[in-house]
Amino acid sequence: MASKIQTVKGTREFYPEQMFLRNFIYEKVRAASQAFGYQEYDGPFIETIDLYAAKSGEELVKKQSFTFEDRGGDLVTLRPELTPSLARMIAAKQGELTYPVRWWSFGPFWRYEQPQKGRSREFFQWNIDMLGVNSPEADAELIAVGATFLRSVGLDPQRATIYVNNRRLMDSEFDLLGIVPEKRMDVSNLVDRRTKMEPAKWDTYALDLGLDQKQLDGLKDILGNFDLWKKSDELTRLFAALEALGVKEYVKFDPNIMRGLLYYTGTVFEAFETSGSLKRAILGGGRYDNLLADVGGQPLSGVGFAMGDVVAGIILQEAGLLPEFIPTPAAVLVTVFDESMWLKSFELAAQLRNDGFKVMVFPEPAKLQKQFKFADKMKIKIALTVGPDEAANDQVAVKNLVTGEQVTVKREALSDQIRTLIG
RNA sequence: GUGCCUGUAGCUCAACGGCAGAGCGUCGCCCUGUGGAGGCGAAUGUUGUGGGUUCGAAACCCAUCAGGCACCCCA
């Protein structure tokens with residue numbers, strides 16, 4: 001027991017069981033993305049800090065990034081998000097891409113945060129974006145992709161809801177209240193915090209920001225008005241499109257959704273689990289009109305969202321929506337009867353692999369009891385045994401570990417026998 | 001970056017400042033050609049780490065690391 005070196009704070013180790021969960025999420029993410037025709041891509045895992053300085057939230061860049069000096073003295077950052085990399089990649093080939101660009105990605109990200117339930121410092125994130133189309137209908141498509149994912153993992157609309165708002169609508173409402181554009185950021189923060197603060201404290205906080213009582217009352221009216229979307233042509237079209245796309249039951253308008261990232265300009269949305277213990281966003285995104293110009297490209301509008309694997313994984317686990325963990329891909333275990341039969345077992349396994357089966361051989365002669373116990377724990381469905389009796393007749397004992405039935409078949413009939421057992 | 005809580009066997013947790021334990025799991029046997037159930041038995045600890053107080057510390061104090069909860073922020 002020499003080594004007591006711990007893992008880096010906020011990182012996770014993926015034992016086969018956790019890897020199974022990660023791959024499950026990845027498969028569902030890929031399926032939802034591909035169902036809408038999106039292409040998979042990825043960016044570098046390390047970037048210069050300048051890439052994020054342009055438009056990511058100040059908190060994200062200054063406090064939550066893993067930034068360090070490389071051996072050449074340059075400041076590099078483990079990517080905390082993908083959107084700026086995407087914007088640069090698009091800008092670099094802006095003239096030669098076929099629009100609209102529909103891209104998705106699933107990879108690792110790092111944020112220097114206090115780890116807690118649903119939050120780690122190293123996590124995987126699904127990013128999916130459409131660029132080159134600026135319409136509420138395009139926004140609706142992205143929301144539909146998110147809803148498709150939720151549906152595919154078994155989260156029904158009672159369990160998970162996507163809340164939608166529109167920054168332009170809110171800005172015009174703020175204007176009507178006489179809130180100057182310079183204060184929009186502060187007011188956005190204020191709105192973000194409303195559910196987390198005592199009402200009285202929130203009022204005080206609002207007045208401290210410089211709102212007068214009339215503006216505060218007006219703001220409360222707006223935030224309590226769940227029909228406000230009817231005033232917005234964009235949101236009206238968005239909801240019509242969502243209905244046509246067959247995901248309307250997953251989506252609700254909520255004027256309290258603002259989102260912290262600076263680059264959102266129109267539609268914004270966040271999915272929450274409605275019943276569980278975890279009050280964190282499953283996914284979040286929106287429309288960004290100016291991001292590309294900020295990294296040196298021609299103006300190009302985009303819409304997209306991100307989903308972290310940590311929150312999604314916990315929710316699926318708590319909801320009991322994960323499939324049973326299969327420890328090994330092997331469908332067949334070949335036992336080793338004794339030392340004299342050892343190589344016979346190897347030959348048998350090799351033959352079966354040639355026939356396309358996934359086959360594990362017990363690594364040594366041991367009591368058959370022990371070998372069957374092993375097969376049981378690994379949830380292997382079929383165990384094969386070649387003992388002296390079988391070998392003498394060119395036969396193999398085939399045991400179905402699910403039903404407990406065992407038959408002895410000729411070796412040339414073995415593959416067909418296994419095939420019928422696997423189904 | 002802030003506040004609070006926690007850290008004991010592989011896991012879940014006990015143990016008043018006085019001999020470090022239980023359940024589950026693991027391994028062995030019951031069972032010399034066959035898993036799941038049952039019975040019997042066994043192994044396993046620098047009590048996160050480092051200091052301090054004390055005759056005596058898993059327990060009290062300090063530091064540190066990690067986890068959790070709430071802020072902050074967000075996937």
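Bear in mind the structure is a predicted one, so any value in this text is a computation, not a measurement. Naming: A, B, ... by sequence-line order, numbering from 1 per chain.
- To the nearest whole angstrom, the two C1' atoms, one in B:A9 and one in B:A14, are 13 Å apart.
- With both pairing distances under 3.5 Å, B:U53 is matched to nothing as a Watson-Crick or G-U wobble pair.
- Residue A:Ala375 is out of contact with every strand shown, counting any heavy-atom pair closer than 4.0 Å.
- For the pair A:Gln116 and B:A70, the criterion of a side-chain N or O lying under 4.0 Å from OP1 or OP2 is met.
- Summarising the geometry, the separation between CG on A:Leu401 and P on B:G35 is reported as 10 Å, rounded to the nearest angstrom.
- Spacing of P atoms, B:G36 relative to B:G25, comes out at 12 Å, to the nearest Å.
- Across all strands shown, B:C13 forms a Watson-Crick or G-U wobble pair with B:G21, both key distances being under 3.5 Å.
- Counting only residues at least two apart or in different chains, ring pair (Phe, Tyr, Trp, His ring centres under 6.0 Å) contacts with residues 352-373 of chain A comprise A:Phe362-A:Phe374.
- Remark: aromatic rings of A:Phe149 and A:Trp126 are close, center separation under 6.0 Å.
- Atom-to-atom, OH of A:Tyr52 to C1' of B:C73 comes out at 17 Å; the value is rounded to the nearest Å.
- When distances are taken from the side chain of A:Val310 to each of B:G68, B:A75, B:C71, the shortest belongs to B:A75.
- Ring geometry for A:Tyr163 versus A:Phe272: interplanar angle of 30 to 60°, hence tilted.
- The separation of B:G7 from B:G33, taken at their C1' atoms, amounts to 49 Å, rounded to a whole angstrom.
- Residues A:Asn166 and A:Ser232 bring no donor and acceptor atom of their side chains to less than 3.5 Å of each other.
- Applying the side-chain contact (heavy atoms from CB on, under 4.5 Å) test between A:Val251 and each of A:Leu238, A:Leu242, A:Thr161 identifies A:Leu242 as the sole match.
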Which letters describe nucleotides 37-42 of chain B, given B = protein heavy atom under 4.0 Å from base, S = only from sugar-phosphate, - = neither? ------

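- For the pair A:Leu316 CG and B:A75 P, the interatomic distance rounds to 18 Å; values are reported in whole Å.
- Evaluated for a salt bridge (Lys or Arg N to Asp or Glu O under 4.0 Å) with A:Asp139, the options A:Arg168, A:Arg167, A:Arg287 yield exactly one hit, A:Arg287.
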Between A:Lys367 and A:Lys373, is a side chain to side chain contact (heavy atoms under 4.5 Å, CB included) present by the stated rule, with each step listed? CA-CA 10 Å; A:Lys367 284 175 127 181; A:Lys373 207 166 213 164; over 6 Å; no

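- Here the CD1-CG distance, from A:Ile382 to A:Leu401, works out to 8.0 Å after rounding to the nearest 0.5 Å.
- Residue A:Glu13 contributes atom CD, which lies 11 Å from atom P of B:G67 at whole-angstrom precision.
- The interatomic distance linking A:Leu384 (CG) with B:U34 (P) rounds to 17 Å, in whole Å.
- Of the possible polar contacts, none joining the A:Gln351 side chain to the A:Leu348 backbone as a donor-acceptor pair under 3.5 Å is found.
- Taking the C1' atoms as reference points, B:U2 lies 28 Å from B:A59, given to the whole Å.
- Comparing the C1' positions of B:G67 and B:C11 gives an interatomic distance of 16 Å, to the nearest angstrom.
- Not one side-chain nitrogen or oxygen of A:Lys399 sits closer than 4.0 Å to the OP1 or OP2 atom of B:U34.
- In this structure, A:Gly10 reaches the sugar-phosphate backbone alone: every heavy-atom distance under 4.0 Å involves primed, P, OP1 or OP2 atoms, never a base.
- One can place CD of A:Glu270 at 12 Å from C1' of B:C73, the figure rounded to the nearest angstrom.
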The contact string for nucleotides 23-33 of chain B, one letter per nucleotide 5' to 3', using protein heavy atoms under 4.0 Å with B, S and - for base, sugar-phosphate only and none, comes out as ---SSSSSBSB

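- The P atoms of B:A63 and B:G56 are separated by 23 Å, rounded to the nearest whole Å.
- When the nearest nucleotides of RNA chain B are assigned to A:Pro115 and A:Met307 by heavy-atom distance, the more 5′-ward of the two goes with A:Pro115.
- Although no hydrogens or angles enter the test, the distance criterion places no donor-acceptor pair under 3.5 Å between the side chain of A:Asp289 and the main chain of A:Ser301.
- Comparing the C1' positions of B:A58 and B:U47 gives a spacing of 5 Å, expressed to the nearest Å.
- Using N1 to N3 plus N6-O4 or O6-N4 for Watson-Crick, or N1-O2 and O6-N3 for G-U wobble, each under 3.5 Å, B:C71 pairs with B:G1.
- Note on A:Thr83: nothing from the nucleic acid sits closer than 4.0 angstrom, heavy atoms only.
- B:G7 and B:C65 make up a base pair, with Watson-Crick or G-U wobble contacts both under 3.5 Å.
- With a 3.5 Å ceiling on both atom-pair distances, the Watson-Crick or G-U wobble partner of B:C27 is B:G41.
- A:Glu113 places its CD atom 13 Å from the P atom of B:G68, with the value rounded to the nearest Å.
- Between A:Leu155 and A:Leu316, the closest side-chain pair of non-hydrogen atoms falls below 4.5 Å.
- Distance check on atom C1': B:A15 versus B:G52 gives 24 Å, rounded to whole Å.
- Atom CD in A:Glu122 sits roughly 18 Å away from atom P in B:A75 (whole-Å rounding).
- In summary, the side chains of A:Tyr205 and A:Asn189 do not present any donor paired with an acceptor at a separation below 3.5 Å, with no hydrogens or angles considered.
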